[in-house]
Amino acid sequence: MNSPGVTIDRDVKTDELVINMGPQHPSTHGVLRVILKTDGEICLDAQPEIGYLHRCAEKIAENLVYGQFVPYTDRMDYVSGMGCNLGYCLAVEQIAGIQAPLRAEYLRIIVTELNRIASHLLAFGTYGIDTGAITPFLYGFREREMILDLLEMLCGARLTYSYIRIGGVDGDVPPGFIDKLREFIDIFPGKIREYNKLLTFNHIFMKRTTGIGVLSPETAIAYGVTGPNLRGSGVRRDVRRDEPYSVYPKLEFDVPVGTTQHGGPLGDAWNRYYIRMKELEESTKILKQCVEQMPQGPIMAEKVGRVKPPAKTEGYMRSENARGELGFYVVSDGTMQPVRVKVRAPSFSNISVLPEIVRGQMLADVVAIIGSLDIVLGEIDR
Amino acid sequence: MNELANFLPTVLSRSGLTVPSALIPVLAMFLCASIMAAFMGLSAAVLVWAERKLAGHFQCRLGPVYVGGKFGWLQSIADGIKLLLKEDIIPDQADRPLFRLAPYPVVIGVLLAFIAVPFSEKLMVTDFNIGVFFILAVLTVEVFGVILAGWASNNKWALLGAMRAAVQMVSYEIPMGLAILPVVVMAQSLSLKTIVAAQSGGALHWFVFQPPFFMAVSFLIFFIAGLASLKRAPFDLPEAESELTAGFHTEYSGMRFSFFFMAEYAGMLLVSAVASALYLGGWHGILPGQESVWWFLAKTGFLIFVMIWIRWTLPRLRIDQIVYVGWKVLTPFVLACVVGQSLWATLR
Amino acid sequence: MSPSAFASSGKPAAESAKSNFGEKIIDIQAVSSDVVLKIQPAAWKEIHAFLKSEGFDMLVSISAVDWIKENIMWIVSHLSDTNKQRRISVKTDVPRDAARVDSLASLWRAADWHERECFDLSGVSFAGHPDLRRILCPDDWEGHALRKDYKAPDFYHGIQNNVNLIDLDNRPPIPEIV
Amino acid sequence: MGVEKIAFYILSALTLGGGVAILFSVRLMRSVVYLLVSLFGVAGLFILMGADFLAALQVLIYVGGITVLLVFGLMLTGPSQFQNQEENRLKAITSGVCSVAIAIVLLLIVRKTQWPTGGVAASETAGGIGRLLLTQNVFAFEIASVLLLVVLVGVALFMRLARSNRS
């Protein structure tokens with residue numbers, strides 16, 4: 001069997017086949033195109049081609065006032081739009097000197113963590129599909145539905161929320177929201193155990209994902225890989241814990257990192273997947289604390305009005321989105337429109353490491369590796 | 001079929017038709033073939049519905065609910081009509097004659113195999129004295145159709161799917177064939193009718209429950225290899241939709257696509273039917289003396305349920321793992337079973 | 001949002017860079033999030049190499065800011081230290097019509113794609129980059145979108161891009177699909 | 001008797017026609033399909049003679065094994081090689097001579113052999129073949145098995161050698 005570290009010997013010399021995987025392919029998770037060079041079933045090289053979803057959102061930002069760009073951010077990482085909203089709003093608040101009230105900060109963390117769970121559930125489900133198990137997807141969507149219902153109660157939207165605004169959030173919680181959230185927090189740990197039973201520790205699944213796409217910590221850092229992918233390689237880095245923002249300093253949670261307990265090396269596809277499963281638990285923990293700690297009070301900073309940061313101010317805001325370190329670099333020239341908004345999308349760096357880790361793997365592993373990186377093309381292409 | 005041939009003249013004379021006596025066997029053949037084809041189509045339709053319904057319930061949803069009342073049981077008919085009415089697209093660069101030809105071996109292979117399936121003591125097309133062997137042989141024709149489809153599509157994904165199908169078939173034909181041998185040793189015959197007849201007298205006489213349980217192991221191996229030869233999950237690599245888009249039938253649409261689909265479901269029925277005839281006592285009931293076609297169908301249905309259950313639970317294997325399992329796990333085990341059973345049969 | 005406690009974490013490294021490189025470092029600024037080393041464009045690569053040896057092992061992003069009135073472009077990189085949780089930023093001014101610095105691709109593999117993106121959208125060229133071509137836009141796209149004087153093309157391969165150009169009364173007939 | 005005769009002619013036409021078509025088809029893949037047709041014709045002839053065990057064997061081994069392996073080889077070697085290579089006069093002459101020689105030998109055998117006529121085929125051939133293989137023809141059977149075993153070991157050995165040479 002193709003165990004890690006063993007080079008595959010090719011006894012029969014056969015023709016190399018160049019295959020165009022995508023942009024329309026069921027498991028490229030969007031309009032990613034990968035040019036594969038294969039020898040039979042073995043993948044010799046893979047070059048990702050991106051840009052099929054490019055909208056030049058950064059140019060759009062330069063032509064809008066600060067507040068108007070918020071809806072564009074949740075069309076970047078459309079799977080966890082709240083995280084993008086939060087990152088952008090924090091970046092603008094940082095250079096404009098706005099402080100959101102405490103209740104708003106808690107609400108922000110509640111919605112981003114809910115959205116992180118929803119995003120990881122999608123990653124879990126689609127990873128199941130990538131490896132050939134369809135049922136986990138629907139199990140994951142069952143709970144994702146609850147989260148989307150919760151978020152819909154808050155802001156009326158289920159995918160592109162624009163709930164977080166510069167200086168606070170859009171609206172306070174509707175009646176019944178906290179109860180439904182508590183109910184979700186109560187039932188969710190049991191569901192995570194169910195997922196683990198169904199997929200994570202399934203023998204075939206582990207055989208399929210253990211030891212493939214091994215990403216060493218050095219390579220991961222060199223390529224700027226962040227988020228669960230980096231933590232899967234054993235690097236304990238999480239912006240929420242390392243450089244905490246918002247109310248994260250007041251919250252207690254673990255940062256899970258990759259293990260070798262499953263019998264595979266650090267940084268393989270299974271580890272990357274399993275980090276997400278562990279983070280589901282951590283996010284639930286955070287949600288629980290937030291619900292308990294959330295104070296009463298206003299949800300919007302006073303006198304935000306027209307956001308007009310001073311001229312030539314700049315700020316780079318790092319936040320931990322579901323896929324990794326999301327950076328917003330905002331530069332102001334003293335007008336109501338930013339002169340530059342640079343989005344540092346985590347998936348952009350995460351997918352760039354693909355050629356490095358698929359060489360010599362089987363064709364089926366390419367799919368499993370792309371799935372384990374959990375990319376969102378909306379944010380890669382922006 | 002012979003009964004049918006004997007029966008036909010009386011029917012024909014009653015209806016007032018005169019047919020030359022030389023044509024009567026031919027007519028009987030045609031009748032038989034059309035009955036089998038209709039049965040296969042119908043069972044495929046039922047199985048498609050059952051699979052969708054079961055998959056729905058496995059996945060916390062309802063499955064088809066609208067077409068044909070509460071349970072959506074007309075769903076597969078609607079699907080069939082949709083597939084019939086769809087445009088039959090042939091890619092520009094495809095090898096057109098082969099592309100058109102490819103679905104037929106697939107269907108014919110499965111259909112031919114049904115000839116030897118004993119539904120009950122009376123209800124079978126013909127009792128081949130090499131029944132089991134015949135089924136194995138014609139099933140390989142199906143794989144050739146699959147390979148042809150993949151090659152003729154002139155699509156790289158389809159080609160990869162076809163290659164996987166070839167590899168899988170070569171690896172699993174051997175354990176599947178060998179798994180039958182312990183049964184043949186016990187029943188002293190290759191005829192499915194004789195094999196089933198040898199298991200009469202209640203559940204304890206079914207081959208799967210016979211000590212020293214070599215046949216139980218070979219039943220498992222037969223079932224696994226059968227899943228692999230049907231290209232069902234977790235062995236659905238030739239059509240792995242998340243890897244090869246749709247594998248060998250990527251380029252097929254409409255009626256030609258539905259042939260592949262039909263063959264898969266008919267194949268499920270076939271493998272389950274053969275397994276229940278070989279190991280689970282065929283038409284014999286749990287208690288001695290119970291004999292009915294319904295027993296046979298119930299056992300077959302249960303095995304089909306298990307197949308569906310497996311498909312909607314397990315992830316897919318990888319090609320090297322499939323080959324590994326086929327050659328290094330199943331083949332040695334089944335060889336041990338054959339040797340063990342033969343020794344048991346001679347020493348007893 | 002209070003300024004992050006980590007905003008000044010790059011200060012010691014910046015000071016040591018200043019003592020090492022002297023004139024090549026024009027200024028050490030402190031912005032709301034980072035310590036920014038303002039440097040000469042010619043020293044772009046060696047200062048990054050120095051910072052990498054100081055422990056800033058992750059290149060987070062490379063971006064360019066177009067200041068059309070001043071006729072300059074900023075090229076800004078953000079670095080972080082995954083072990084000690086430090087962050088630092090490096091900035092340099094280059095003239096708009098000769099926006100060019102050395103490539104960092106030999107220091108960080110991440111620079112490959114980030115520089116391609118910067119080249120694609122802002123038109124900055126990176127000397128020594130192994131494969132400097134467009135990454136988000138098609139290869140035959142004209143212009144660099146994030147330049148302030150960029151005009152979107154009216155046509156791209158016959159596809160009308162400018163809404164104002166479409167004559168709504170005399171639109172060409174939609175070709176029939178055979 | 002009429003039906004059987006018609007079937008015999010149809011099956012013979014399939015067998016021979018398939019063989020001729022293999023010769024004249026340019027694309028290798030199509031030749032494999034024609035080969036399949038020819039092999040099916042032979043299987044049908046076996047059934048017609050009452051040797052259904054042989055027929056099943058024919059399908060199982062030739063269709064399921066040999067042609068699948070042929071196609072597999074074709075698929076692995078790349079699309080440029082799916083066409084027959086250009087004609088080579090020397091090749092054509094040698095293969096022609098060989099074919100004629102084989103044909104003559106076969107025809108001579110057919111003429112010399114005393115074919116049993118009018119006999120009724122056994123109802124169960126599998127058992128008979130098995131008994132013959134293990135009693136009267138056990139030597140030939142063993143020779144064939146040993147030959148196959150040698151081939152198997154030889155192939156494994158060659159692969160090993162090639163592998164160790166490369167690394």
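Quick note on labels: first sequence line is chain A, next is B, and so on, each numbered from 1. If you're wondering where the values come from, they're calculated on a predicted model, not measured in any experiment.
- Other residues, nucleotides and ligands contribute at most 12 non-hydrogen atoms within 6.0 Å of the CZ atom of B:F333.
- Contact annotation: the side chain of A:L363 approaches that of B:L244 to within less than 4.5 Å [non-hydrogen atoms, C-beta and beyond].
- Shown here is A:E194, whose CD atom has more than 12 heavy atoms of other residues, nucleotides or ligands within 6.0 Å.
- No side-chain heavy atom of B:R318 sits under 4.5 Å from any side-chain heavy atom of A:I204.
- Counting heavy-atom neighbours within 6.0 Å of B:F302 CZ, excluding the residue itself, gives a total of 12 or less.
- Proximity of A:T131 to B:R316: side-chain heavy atoms (C-beta onward) are nowhere separated by under 4.5 Å.
- Other residues, nucleotides and ligands contribute only 12 or fewer heavy atoms inside 6.0 Å of the NZ atom of A:K278.
- Between B:L159 atom CG and A:I19 atom CD1 the span is 8.5 Å, to the nearest 0.5 Å.
- B:R61 CZ: more than 12 foreign heavy atoms inside a 6.0 Å radius.
- Using a 4.5 Å cut-off on side-chain heavy atoms (C-beta onward), A:L138 and B:C60 make no contact.
- With hydrogens and angles disregarded, a donor-acceptor distance shorter than 3.5 Å links the side chain of B:Q321 to the backbone of A:K207.
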Open item on the list: Please evaluate residues A:F137 and B:Q59 with respect to the criterion side chain to side chain contact (heavy atoms under 4.5 Å, CB included), reporting the C-alpha separation (whole Å), side-chain torsions for both, the decisive distance (0.1 Å), and the verdict.
Closed with: CA-CA 9 Å; A:F137 182 73; B:Q59 299 179 336; over 6 Å; no

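- Judged purely by atom type and a 3.5 angstrom limit, A:T135 uses its side chain to pair as donor or acceptor with the backbone of B:W312.
- The shortest non-hydrogen separation linking B:I319 to A:M362 is CG2-CE, 3.0 Å.
- Looking at every heavy atom in both residues, A:M21 comes nearest to B:W157 through CA-CZ2, 3.7 Å.
- Within a 6.0 Å radius of CZ in B:F71, no more than 12 heavy atoms belonging to other residues, nucleotides or ligands are found.
- Heavy atoms closer than 4.5 Å to chain B are found in the side chain of A:R142, but not in its backbone.
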